[in-house]
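Shown next, in structure tokens, is the structure this report addresses.
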Amino acid sequence: MKTKDLKTLMLEELIVRFREHSAKHGQLLNALNTRAANKEYKHAAAVRRELQTRGAEAEAALLALLSDPEEGTKYWAATAALRFAPGEAEAALSSLSTPASSMMGLSAAMTLDAWKNGTLPLEE
């Protein structure tokens, strides 16, 4: 789906798509299928960018995903939430990274380290 088409979706549908793409990205990354994971990354990033324009209701929906059972969804929701709920986001990333026994766990550990060091570029 093109970025302009995402603007026409209701929040509930955006969250469904965010969950689908972020979960699939995490599963593929953990399976070391990087080519397919990169494709899902692009989709998840596009949906995240649209969610970031939707205000408090979207932020609440993203916070609810911090407890999602899928590592990928939890990770993506946490990285989005760093902008508006850093404490909750840090806790979610920390839980994913301890122990860093998967690629998503390693990504969470690296993201958390960069966030704490002030070197994490937050996407606009």
Side-chain angles (χ1 to χ4, degrees):
M1 175 170 251
K2 297 191 186 290
T3 302
K4 68 178 181 174
D5 297 330
L6 292 173
K7 294 187 181 305
T8 66
L9 296 179
M10 299 292 291
L11 177 61
E12 295 77 16
E13 180 61 25
L14 280 173
I15 291 297
V16 167
R17 289 177 187 243
F18 184 75
R19 271 199 91 246
E20 289 172 357
H21 292 301
S22 60
K24 194 166 187 180
H25 174 257
Q27 293 163 0
L28 290 166
L29 194 60
N30 283 340
L32 303 179
N33 186 344
T34 54
R35 181 169 290 180
N38 287 342
K39 183 177 179 183
E40 291 303 321
Y41 177 96
K42 291 175 186 177
H43 293 302
V47 177
R48 178 177 59 192
R49 279 191 301 274
E50 179 58 27
L51 285 169
Q52 289 172 331
T53 70
R54 299 289 181 107
E57 193 176 355
E59 290 175 355
L62 286 166
L63 286 176
L65 294 177
L66 293 179
S67 59
D68 196 271
E70 284 288 340
E71 284 187 334
T73 300
K74 189 174 189 175
Y75 172 82
W76 277 85
T79 59
L82 283 170
R83 293 171 165 262
F84 58 86
E88 292 93 329
E90 286 180 31
L93 289 169
S94 181
S95 74
L96 280 172
S97 66
T98 311
S101 59
S102 66
M103 290 303 291
M104 290 310 307
L106 180 59
S107 293
M110 292 172 62
T111 299
L112 191 55
D113 187 53
W115 171 254
K116 288 180 177 180
N117 290 329
T119 59
L120 182 68
L122 291 179
E123 181 181 311
E124 294 300 321

* Flag yes if Phe18 and Met10 sit in one hydrophobic cluster, no otherwise; membership is Ile, Leu, Val, Met, Phe, Trp, Tyr, and two members link when side-chain heavy atoms are under 4.5 Å apart. => no
* Asked: Glu71 versus Met103: any side-chain heavy-atom pair under 4.5 Å?
  -> no
* Asked: With hydrophobic residues grouped by side-chain heavy-atom distances under 4.5 Å, do Leu82 and Tyr75 end up in a single group?
  -> yes
* Heavy-atom pair with the smallest gap, counting every atom of Met104 and Gly72 -> CE-CA, 4.0 Å
* Structure fact -> OG1 of Thr111 to CD of Glu90, rounded to nearest 0.5 Å, is 12.0 Å
* Please determine which of Leu62, Ile15, Leu66, Leu65 meets the side chain to side chain contact (heavy atoms under 4.5 Å, CB included) test together with Thr73. => Leu65
* Structure fact -> Closest heavy-atom pair, Ala80 versus Phe84, reported as atoms and distance to 0.1 Å, is O-CE2, 3.5 Å
* **Cluster link Leu28 to Leu32, ILVMFWY, side chain under 4.5 Å** => no
* Hey, mind stepping through Glu20 and Val47 against side-chain contact (heavy atoms from CB on, under 4.5 Å) and telling me if it holds? -> CA-CA 10 Å; Glu20 289 172 357; Val47 177; over 6 Å; no
* Enter the distance from Thr79:OG1 to Leu112:CG here, rounded to the nearest 0.5 Å. => 12.0 Å
* To do: Compare every heavy atom of His25 with every heavy atom of Ala37, then report the nearest pair and how far apart it is.
  => O-CD2, 3.0 Å
* Given Lys24 and Glu70, is the side-chain contact (heavy atoms from CB on, under 4.5 Å) satisfied, shown in steps? -> CA-CA 9 Å; Lys24 194 166 187 180; Glu70 284 288 340; over 6 Å; no
* With His21 as reference, evaluate His43, Glu40, Lys42, Arg48 under the side chain to side chain donor-acceptor pair (under 3.5 Å) test and give the passing residue. => Glu40
* State whether the side chain of Asp68 and the backbone N or O of Lys74 hold a donor-acceptor pair below 3.5 Å, judged by distance alone. => no
* Using modelled atom types only, decide if a donor and an acceptor are shared between the side chain of Thr98 and the backbone of Ser95 within a distance under 3.5 Å. => no
* To do: Could you grab the distance from atom CZ of Arg49 to atom CG of Leu6, nearest 0.5 Å is fine?
  => 9.0 Å
* Asked: Below 4.5 Å, heavy atoms only, C-beta onward: do Leu93 and Trp115 meet side chain to side chain?
  -> no
* Structure fact -> Value for CG (Leu106) from CG (Leu96), rounded to nearest 0.5 Å, stands at 11.5 Å
* Asked: Charged N to carboxylate O under 4.0 angstrom, Glu50 versus Arg54?
  -> yes
* Structure fact -> Scanning both residues in full, the closest heavy-atom pair of Ala78 with Ala89 reads O-CB, 3.3 Å
* To do: Please report the C-alpha distance between Asp113 and Leu120 in whole Å, then the side-chain angles of each, then the deciding distance to 0.1 Å, and finally whether the side-chain contact (heavy atoms from CB on, under 4.5 Å) criterion is met.
  => CA-CA 8 Å; Asp113 187 53; Leu120 182 68; over 6 Å; no
